[in-house]
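Read the structure below first, then the notes.
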Number of protein chains: 2
Amino acid sequence: MATTLPQSEFANRLGELRDRLGEAEADAAVFFDAMSIEYLTGFGHIQTERPVVLGVTEEGIEITVPRLEVERVEPNPWIDAVHHYFDYPGGRPIEVAAEMLSGMGVESVLADADGAPGVMGYEGPALSEFLDLETQSWVPRMRWAKSDAEIDLIRESATWANLGHRYLAEYAEVGAHPATVSQRASTDASRAMLDTLGDRFEERVRGSGPVHAGFISAHETALPHGHTPNQRLREGDVLVTGASSNVDGYRSELERTMFVGEPSDDQVHHFELMLEAQTIAIEALGPGVPIADVDHAVWEYFEEQGVTDLAQHHVGHNIGMGGHEPPYIDRGWAEHCESEHTSYTDEDAVMEPGHVYTIEPGLYTETEGYRHSDTIAVTDEGIEWLTYFPRDLEANVIR
Amino acid sequence: MATTLPQSEFANRLGELRDRLGEAEADAAVFFDAMSIEYLTGFGHIQTERPVVLGVTEEGIEITVPRLEVERVEPNPWIDAVHHYFDYPGGRPIEVAAEMLSGMGVESVLADADGAPGVMGYEGPALSEFLDLETQSWVPRMRWAKSDAEIDLIRESATWANLGHRYLAEYAEVGAHPATVSQRASTDASRAMLDTLGDRFEERVRGSGPVHAGFISAHETALPHGHTPNQRLREGDVLVTGASSNVDGYRSELERTMFVGEPSDDQVHHFELMLEAQTIAIEALGPGVPIADVDHAVWEYFEEQGVTDLAQHHVGHNIGMGGHEPPYIDRGWAEHCESEHTSYTDEDAVMEPGHVYTIEPGLYTETEGYRHSDTIAVTDEGIEWLTYFPRDLEANVIR
């Protein structure tokens with residue numbers, strides 16, 4: 001049972017980063033993105049308007065944080081020195097970070113951005129006002145292929161997601177309220193997970209428990225990003241469920257199309273089309289497979305069946321620390337890799353061992369939607385299913 | 001009971017936006033930020049790697065969305081035309097948006113960014129490759145002062161947050177598990193809210209219910225952004241709670257420092273210091289008050305009491321559609337307004353009617369933390385408390 005990432009992972013990641021830095025013309029790599037900082041060092045924080053700045057040179061690693069993160073980051077074994085400002089904006093965060101880098105002997109950097117992300121509310125000087133700065137996007141690319149240790153965590157996530165989904169299926173019934181079914185299933189699965197893992201559980205989730213299971217229902221399922229209706233379940237409702245859990249920062253995705261009571265012939269028809277499309281996609285996966293081919297295979301099936309007008313999105317995406325990660329299973333992926341706007345090449349257009357895909361082709365009629373999602377790893381020899389709730393119709397009818 | 005924003009709000013916002021556009025040298029205002037698009041039109045979506053692009057001219061409003069958002073946006077009364085691409089990246093989202101703007105007769109734009117936010121995963125061409133582009137940050141600034149209708153929603157949010165917090169206080173006891181107390185309180189308050197509001201409830205929350213109540217406890221309270229420990233409550237534990245609810249996209253913030261069983265003299269001492277600091281901050285609020293003065297007032301009190309080393313952050317921030325919004329109650333706020341890196345002026349350095357502040361000065365010892373947070377609106381005459389759970393020691397001891 002894998003519940004925490006071994007420290008050797010960070011050594012490997014920092015080693016790869018320094019290899020890239022060694023080949024580049026800069027004194028340091030700098031990161032503003034919370035997930036990149038967590039990926040490299042294991043220090044996680046909530047990204048807000050308060051900048052956090054990690055500097056990595058050949059010799060050392062230092063970080064600038066707001067005062068409120070100091071005690072959280074100090075025990076980190078990879079970070080040699082912690083600098084802080086009191087708060088944003090009065091504490092002059094970028095100035096403190098520039099001083100940190102200057103103290104590290106750094107005059108030129110390759111940074112993941114020229115300052116803290118403005119969408120999070122930061123307004124202030126760019127880092128390039130203080131030193132030579134070019135940008136890089138190394139860590140998001142490094143995250144594509146997961147290590148065995150990372151896949152172990154995603155597999156563990158899928159286990160607890162499955163329990164949440166099992167409770168969801170059990171508590172859903174005619175007359176039940178979606179919000180209550182969801183929260184009850186999440187509560188019970190979270191408690192089972194917390195009590196089972198005990199001290200092995202890494203505390204990463206604020207507020208509520210680590211398993212979440214829920215669904216959208218009825219007319220809202222016609223919208224891939226629909227909401228949960230404030231309406232008790234009725235005979236004939238379609239549900240599109242979703243369950244996940246957070247294991248040391250890693251997640252999985254499990255979704256099922258379910259029926260409250262006997263589905264109509266029309267519902268069975270659309271369910272079976274969706275199920276076959278998902279099967280086609282999964283059978284197309286594997287190492288060396290052009291990523292776009294998987295989306296093409298599903299599209300060809302939809303064309304044969306005359307239902308392309310019911311499709312609203314591509315087949316899937318990668319998952320790991322982020323819920324949506326590249327590469328995306330999209331018909332335009334190869335062209336995207338060749339475009340001048342990415343630094344990708346032909347090699348980035350194929351599936352590699354360690355990629356972890358959600359496979360979720362969907363069909364949406366005017367009144368309801370049909371989508372399963374499974375989380376599947378590409379291995380050296382083929383694939384491994386990480387989620388395992390049954391996919392067939394019979395297992396997904398609530399009676 | 002206010003549960004939805006009246007459509008007149010959007011007319012006002014679009015009117016103000018067009019006033020700004022009329023004074024500027026551009027054909028259109030363009031928005032990539034999901035919250036800005038929702039603020040202007042009421043169309044909300046989950047911001048991902050798939051760009052959504054809103055264009056506003058004097059004459060019309062059009063939007064480019066991925067296929068999966070089409071049915072969600074089409075009923076919107078403010079948007080005249082919906083353009084779509086199939087998915088990212090194959091659908092060439094920015095090209096579709098550029099064509100939309102061209103069809104609107106637009107050659108120059110003032111945009112909130114030069115393309116979709118890269119932190120969400122978008123990689124592709126910038127919009128400036130297709131037309132003249134300068135940036136503006138109009139909407140985040142427009143959001144500072146809330147209208148009466150917006151404050152009505154935040155007040156409603158505080159009502160349901162209070163119920164969640166009441167359940168939290170009731171379910172917390174020695175031996176109870178934090179995750180279960182949180183999820184049970186959230187479930188029960190959400191159901192009460194959903195059943196009370198019925199058809200008036202705007203479906204905005206995916207998965208779980210609209211009220212969330214939780215807490216961090218014991219050693220984790222020493223960290224302002226601590227996690228929930230996987231450890232049952234024990235006599236003597238300090239809790240730092242948090243409760244909120246989502247009412248048509250608006251939220252409030254309610255936090256309390258609570259004790260499981262009788263607090264020690266040392267705990268009472270720190271609680272009373274924190275409570276007095278919060279009172280000082282609240283008494284300093286009002287229209288025309290320099291924002292930085294409120295942070296100064298608390299800091300002076302901490303200096304008098306010799307506890308500045310226990311402070312880790314400024315007094316508070318605004319809240320509304322976002323959980324953290326400017327202006328921030330920070331000692332450096334006036335300087336920030338004068339800085340060349342913001343477009344603010346002296347006028348932006350003072351509190352105005354419609355600002356809604358969280359007031360949450362905190363103190364953090366080596367072993368535990370003390371922080372209340374209340375949500376308070378600045379009015380024409382003074383202030384209005386929106387949150388109302390009792391703040392005194394006696395009401396916050398769990399026996």
Side-chain angles (χ1 to χ4, degrees), chain A residues 33 45-46 48-49 66-69 71-72 87-91 117 119 121 123-125 177 179-180 182-184 186-187 190-191 194 198 201 203-209 212 214 216 220 222-225 227-230 242 312-314 324 326 328 330-333 335-336 339 341-342, chain B residues 33 45-46 48-49 66-69 71-72 87-91 117 119 121 123-125 177 179-180 182-184 186-187 190-191 194 198 201 203-209 212 214 216 220 222-225 227-230 242 312-314 324 326 328 330-333 335-336 339 341-342:
Chain A
D33 177 60
H45 73 282
I46 303 169
T48 67
E49 68 281 0
R67 176 64 192 86
L68 63 81
E69 298 287 2
E71 283 80 2
R72 291 189 60 245
D87 208 334
Y88 169 85
V119 288
E123 301 170 300
H177 195 290
T180 300
S182 165
Q183 290 184 313
R184 203 178 146 209
S186 301
T187 302
S190 293
R191 262 300 289 285
L194 291 165
F201 177 71
E203 287 151 7
R204 284 196 174 270
V205 184
R206 295 183 81 203
S208 64
H212 181 77
I216 57 178
E220 287 284 331
L223 310 169
H225 283 183
H227 296 293
T228 304
N230 184 13
Q312 299 198 11
H313 54 76
H314 54 214
H324 270 216
Y328 303 104
D330 185 284
R331 298 196 286 291
W333 188 257
E335 205 178 340
H336 184 62
S339 126
H341 301 289
T342 66
Chain B
D33 177 59
H45 73 281
I46 303 169
T48 67
E49 68 280 359
R67 176 65 192 87
L68 62 81
E69 298 288 2
E71 283 80 2
R72 291 190 61 244
D87 209 335
Y88 169 85
V119 288
E123 300 170 301
H177 195 292
T180 299
S182 165
Q183 290 183 313
R184 202 177 146 211
S186 301
T187 301
S190 293
R191 262 299 290 284
L194 291 166
F201 177 71
E203 287 152 9
R204 287 195 172 271
V205 184
R206 293 184 82 204
S208 64
H212 181 78
I216 56 178
E220 286 284 331
L223 310 169
H225 283 183
H227 297 293
T228 303
N230 184 13
Q312 298 198 12
H313 53 76
H314 54 214
H324 270 214
Y328 304 104
D330 186 284
R331 298 196 286 292
W333 188 257
E335 207 178 340
H336 183 62
S339 128
H341 301 290
T342 66

Subject >> Residues which pass side chain to side chain donor-acceptor pair (under 3.5 Å) with B:D87, listed by chain and number, not counting sequence neighbours >> reply: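 Result, side chain to side chain donor-acceptor pair (under 3.5 Å) vs B:D87: A:H314, B:R50.
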Original post:
Non-hydrogen atoms of chain B under 4.5 Å away: do they reach the side chain of A:T187, the backbone, both or neither?
Top reply: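 For A:T187, heavy atoms of backbone and side chain both lie under 4.5 Å from chain B.
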Subject >> Largest heavy-atom contact set with chain B, pairs under 4.5 Å, which of A:P229, A:G121, A:G242 >> reply: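 If we count pairs closer than 4.5 Å to chain B, A:P229 comes out on top.
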**OP:** Sort out for me which of A:E335, A:R331, A:H177, A:H45 touches chain B most, counting heavy-atom pairs under 4.5 Å.
**Re:**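 Of the candidates given, the most pairs with chain B belong to A:H177.
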Original post:
In terms of heavy-atom pairs under 4.5 Å, which option from B:S339, B:P117, B:G124, B:G91 contacts chain A the most?
Top reply: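 Answer, by heavy-atom pair count under 4.5 Å with chain A: B:G124.
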At a 4.5 Å cut-off on heavy atoms, which part of [X] comes close to chain A: side chain, backbone, both, or neither?
X      : answer
B:T48  : side chain
B:P326 : neither
B:N230 : both
B:P125 : both
B:R72  : both

Subject >> Which residues share a side-chain contact (heavy atoms from CB on, under 4.5 Å) with A:R67, sequence neighbours left out >> reply: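 Checked A:R67 against side-chain contact (heavy atoms from CB on, under 4.5 Å); matches are A:V70, A:E71, A:H84, A:F86, B:Q312.
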Measure the shortest side-chain to side-chain distance between [X] and [Y] over non-hydrogen atoms and say whether it is less than 4.5 angstrom.
X      : Y      : result
A:H225 : B:L68  : yes
B:H341 : A:E123 : no
A:P66  : B:H313 : no

**OP:** Determine the minimum heavy-atom distance between B:G332 and A:P89, stating which atoms define it.
**Re:**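 Reported closest heavy-atom pair: O-CG, 4.4 Å.
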